[in-house]
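Quick caveat, the model's predicted, so the values are computed rather than measured. Both backbone and side-chain heavy atoms feed into the values below; hydrogens, waters and symmetry mates do not.
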Amino acid sequence: MTKNDTVDFKVLDSISVIAKKLAGSNLKIKQTQEFLKAEEQLNNYFETTSNGTWMMCGIISYYFEHGCTCNFNDLSSFFDTNIMSVIVYKDDIKVLLDKGYISNTKGLDEKEVGLKNEFELSTELLHCILHNKKITLSPKKEKEDGLTSLIKRIGEMIESNEREILKIRWITRIEKKYRNSDFFSKVCQVIPDSYDRLFFYDTCSDLLNGNETNLCSTLSYIYDSEEYRFIAAESFLNEENALFTNGLIDFINKGNINDSVIELTPKAKEMLLGEKAKLFMKSTKGTNLINPEAIKQKSLFYSAENETEIHRLRTSLQEENLCSIQERLSEKGLPKGIAVLLYGAPGTGKTETVYQIAKETGRQILHVDISSAKSCWFGESEKNIKKIFTDYRQLCKAAKSEKNGKMPILLFNEADGILSKRRDAIAGNTTQTENTIQNIILEEMETLEGIMICTTNLSENLDTAFERRFLFKIKFENPTIEAKEKIWKSKLDWLNDETISKIAQAYELSGGQIDNIVRKITMDEVLTGNKPDFEELNALCKSEKINNTERRIGFC
C-alpha cells in the first residue's frame, strides 16, 4: 500500500463518532466539535452532503452490528425515529446508490428508492474503509440481461404479501417507465387487462427461475378476493382468457384449479427472450429431435426406379440446391415447402431412407410419434398436432438465424392414421377428432416452408386431399433379386456369391426381414462362435416368413 492510496485520518474512528451520536437520536443531535470534525472529514471522503454522510454511517453501523442488508424499517429502528423521518432522506440515499456505495437488492429498479428496498453495502467500499484507503470502486458494467433481471424482480413483487392494488400500481409504474421497451410495449398491446399482465409477468419470472407456474398459486398472488380468483380460474380452465386466445400460455397439465400447471408458449418465450428463447424450448409431446451426428451411416439398396427418385430427392435437399429451389419457387408464386410421401410394404427402408438423407444433408429430424401425439382427452390431440407444427416453425426460424443453420425435417413416421380417407363425422367423437387433425395438417401443408416427410404402409387408403399436396410420392416395394443380393452381401460378406444368389431368388424378404435374420445369426455367433451353414441359413429364412411362400432351392 502506498501513501498516495491512504487518507490522513482514521476513517473508522470518524464513522464511529457519527454513528454513536446518531444511534437512538431520533435524528436530533447536539453537534459537538468532535462530531463536526468527523462529519467534515467523511463528507470529503464520501463526497456527500452531511445528510448523505449520516445515512452512510447508519447503513455501515447496521452492517457491522448485524452483518446483513438493511431497509428503511431497520434504519428507523437504528435512529429510533418513525419511518417517514428516514424516508425524507431518500434523495441522499439515492446518491449513495448512484455512487455504488450501496446496492438495492430488492425493488423493481436498482437505483430507485422505495419502501421495499434492501440496501447492501459494497464490499469494495468496505475494503477501502477497513484499510483506510481512498475510495476506488470498479465501474459497474451494464447488465446484458437487464430485462430478465427486471422480470425476476417483478415476479418477486407479485409473489409478495402486498395487496393487489399496490401490485397493480407498481406494475403500471414500471410499464410506464419502460414503455419504449419492445417487450413491455407488446405486452400492454396484446394483454389489455392489468391482472392478466400480472399473471403473464409471473409466468415469465417462473420460466427464468426454472419454476413451474401453478394456476391456483399464481392466482392467489394476484387476487385478494377469493370470488374474483375463482372467476379468473374459470376463464383459464375454459381457455377463454386473453393469454390463451393470444397464444401466450398453454397447459402442461390440465385438471382442476389446484393441479393445473401452465407454461409460456414458444411465441411468448420469443417475445421475452428473442434469439435466446431457443435455450428454453423443450421437445413437443409426441416428438423426438434427432441430430444428424447421432444417425449411424448405413448403405441402402433400391431398385433402379427407386434409386432415380431418391437421388432426385436427396439432391434437392442438399442445402445449396434447396435454397435455390425455394427461391425460384417463391419467385413463381409457388409453395416453397417440400412435402414427401414414402409409401409401400413394411421393412422396405422408408424410415431409414429419411434418416440417411438427414445425415447426408446435415439436417435435424423432428420425429413425430403419432400415437403419442394423440390424447384420450377431447381437444388435446388437436392442440398437440398444432403445437408440433408451431415448434417445427420455431426450429426452422432458429436454424435460419444460426450461421450455417439448416432447415430440419419434420418426419411423421407410420402416418397411416392421419393420411387415410376422411369419414363422416356422424360416426362419433373419435372420427371427428381424426378429421380435425387431418384438416389441421392439410392447412399446415398449404403454408409449409420447410421439409415434411410422411411414411406409410397403407397408401391405398390415402385421402386425395393429401395426395395432391405431396411434391414427391415414392413407392417402396420389396427389393428386387439384384437389390437383395447386394443387401445380403453387405450384411454377411463371408457368404459366397452362389449362396447369396440362391437365397435372394428363393425368398421374398424385405430389407427389414433380412436385418432380422442377420441379427439372429449374430446372436448365434456370440453364443456358439460358429457361422451358420447353408441349411441353417435356409431355416432362418423360412422362419422369418409367417406365411411361407419361398421357392424351392435347387441345391443338390
Side-chain angles (χ1 to χ4, degrees), residues 69 97-98 100 102-114 116-120 122 138-160 162 166-191 193-215 217-219 221-222 242-243 246-250 252 261-283 390-391 394-395 397-398 401-402:
T69 60
L97 285 167
D98 291 339
I102 59 175
S103 58
N104 178 10
T105 61
K106 289 211 175 189
L108 297 179
D109 190 322
E110 289 184 352
K111 293 186 178 179
E112 184 177 351
V113 180
K116 295 299 177 182
N117 292 164
E118 291 280 350
F119 302 118
E120 183 174 42
S122 163
S138 303
K140 289 187 78 173
K141 294 181 180 178
E142 289 296 322
K143 292 185 178 179
E144 293 182 2
D145 60 342
L147 176 61
T148 57
S149 296
L150 178 58
I151 293 298
K152 287 181 180 180
R153 293 200 297 275
I154 289 175
E156 290 175 4
M157 286 292 185
I158 293 171
E159 296 181 11
S160 70
E162 291 295 343
L166 292 179
K167 295 176 183 178
I168 293 292
R169 287 175 183 169
W170 280 329
I171 293 304
T172 303
R173 193 173 78 248
I174 289 299
E175 288 171 339
K176 185 176 180 180
K177 180 174 181 178
Y178 293 96
R179 59 183 174 273
N180 293 327
S181 157
D182 288 341
F183 174 73
F184 286 103
S185 173
K186 187 67 177 294
V187 169
C188 292
Q189 179 184 347
V190 299
I191 312 173
D193 185 79
S194 299
Y195 291 90
D196 290 343
R197 293 203 298 275
L198 284 178
F199 191 101
F200 181 67
Y201 293 138
D202 199 47
T203 308
C204 290
S205 177
D206 286 339
L207 173 74
L208 296 172
N209 287 309
N211 300 325
E212 288 188 334
T213 300
N214 176 270
L215 178 61
S217 299
T218 306
L219 290 176
Y221 296 139
I222 295 168
L243 298 177
N246 283 299
L248 298 176
I249 62 171
D250 203 350
I252 299 176
V261 180
I262 282 170
E263 67 176 347
L264 296 179
T265 63
K267 174 183 175 181
K269 292 175 184 176
E270 187 176 343
M271 191 164 79
L272 172 64
L273 297 160
E275 291 184 0
K276 292 181 181 177
K278 63 184 178 183
L279 301 174
F280 292 84
M281 298 299 180
K282 65 180 184 180
S283 178
T390 299
D391 286 359
Q394 188 67 36
L395 267 178
K397 188 171 183 179
S401 67
E402 292 176 359

Novice: Only counting residues at least two apart or in another chain, list the ones meeting side-chain hydrogen bond (donor to acceptor under 3.5 Å, both in side chains) with S160.
Specialist: none

Novice: Among residues at least two apart in sequence or on other chains, which ones pass side-chain hydrogen bond (donor to acceptor under 3.5 Å, both in side chains) with S205?
Specialist: N209

Novice: Between V187 and M271, does the side-chain contact (heavy atoms from CB on, under 4.5 Å) criterion hold? Intermediate values first, please.
Specialist: CA-CA 9 Å; V187 169; M271 191 164 79; 3.9 Å; yes

Novice: Evaluate V261 against L215 for side-chain contact (heavy atoms from CB on, under 4.5 Å), listing each step before the verdict.
Specialist: CA-CA 6 Å; V261 180; L215 178 61; over 6 Å; no

Novice: For the residue pair I222 and I158, what are the closest heavy atoms and their distance?
Specialist: CG1-CG2, 4.2 Å

Novice: Looking only at heavy atoms, which two atoms of C204 and L272 are closest? And how far apart?
Specialist: CB-CD2, 3.8 Å

Novice: Decide yes or no for T390 and T265: does some side-chain heavy atom of the first lie under 4.5 Å from some side-chain heavy atom of the second?
Specialist: no

Novice: Can you name the nearest heavy-atom pair linking K269 to F280, along with the distance?
Specialist: NZ-O, 2.9 Å

Novice: Above 12 or not: heavy atoms from other molecules or residues under 6.0 Å from CG of D193?
Specialist: yes

Novice: Got a sec, which residues hit side-chain hydrogen bond (donor to acceptor under 3.5 Å, both in side chains) with T213, two or more places apart in sequence or on another chain?
Specialist: D206

Novice: Give, for atom CD1 of I151 and atom CZ of F200, the distance between the pair rounded to the nearest 0.5 Å.
Specialist: 8.0 Å

Novice: How many angstroms lie between CG in D202 and CE in M157, if you round to the nearest 0.5 Å?
Specialist: 13.0 Å

Novice: Are any of the side-chain heavy atoms of L273 and L147 separated by less than 4.5 Å?
Specialist: no

Novice: Only counting residues at least two apart or in another chain, list the ones meeting side-chain contact (heavy atoms from CB on, under 4.5 Å) with E120.
Specialist: T69, S103, T105

Novice: Between R169 and L166, is there a donor-acceptor pair closer than 3.5 Å when you use the side chain of the first and the backbone of the second?
Specialist: no

Novice: Let's go through T203 and L248 carefully: what are the C-alpha distance in whole Å and the side-chain angles of both, what is the deciding distance for side-chain contact (heavy atoms from CB on, under 4.5 Å) to 0.1 Å, and is it a yes or a no?
Specialist: CA-CA 10 Å; T203 308; L248 298 176; over 6 Å; no

Novice: Among residues at least two apart in sequence or on other chains, which ones pass side-chain hydrogen bond (donor to acceptor under 3.5 Å, both in side chains) with E175?
Specialist: R197, Y201

Novice: Under the side-chain contact (heavy atoms from CB on, under 4.5 Å) rule, collect the residues that match up with I168, sequence neighbours excluded.
Specialist: T172, S194, Y195, L198

Novice: I'd like to check the side-chain contact (heavy atoms from CB on, under 4.5 Å) partners of A242; sequence neighbours left out, ordered by chain and number.
Specialist: D196, T245, N246

Novice: Please identify each residue that fulfils ring-ring contact (aromatic ring centres under 6.0 Å, His included) with F199, with sequence neighbours left out.
Specialist: F236

Novice: Under 4.5 Å between any side-chain heavy atoms of F184 and L150, yes or no?
Specialist: yes

Novice: Tell me every residue that passes side-chain contact (heavy atoms from CB on, under 4.5 Å) with S185, counting only those two or more places apart in sequence or in another chain.
Specialist: none

Novice: Return the set of residues passing ring-ring contact (aromatic ring centres under 6.0 Å, His included) with Y221 (not counting sequence neighbours), or none when no residue passes.
Specialist: none

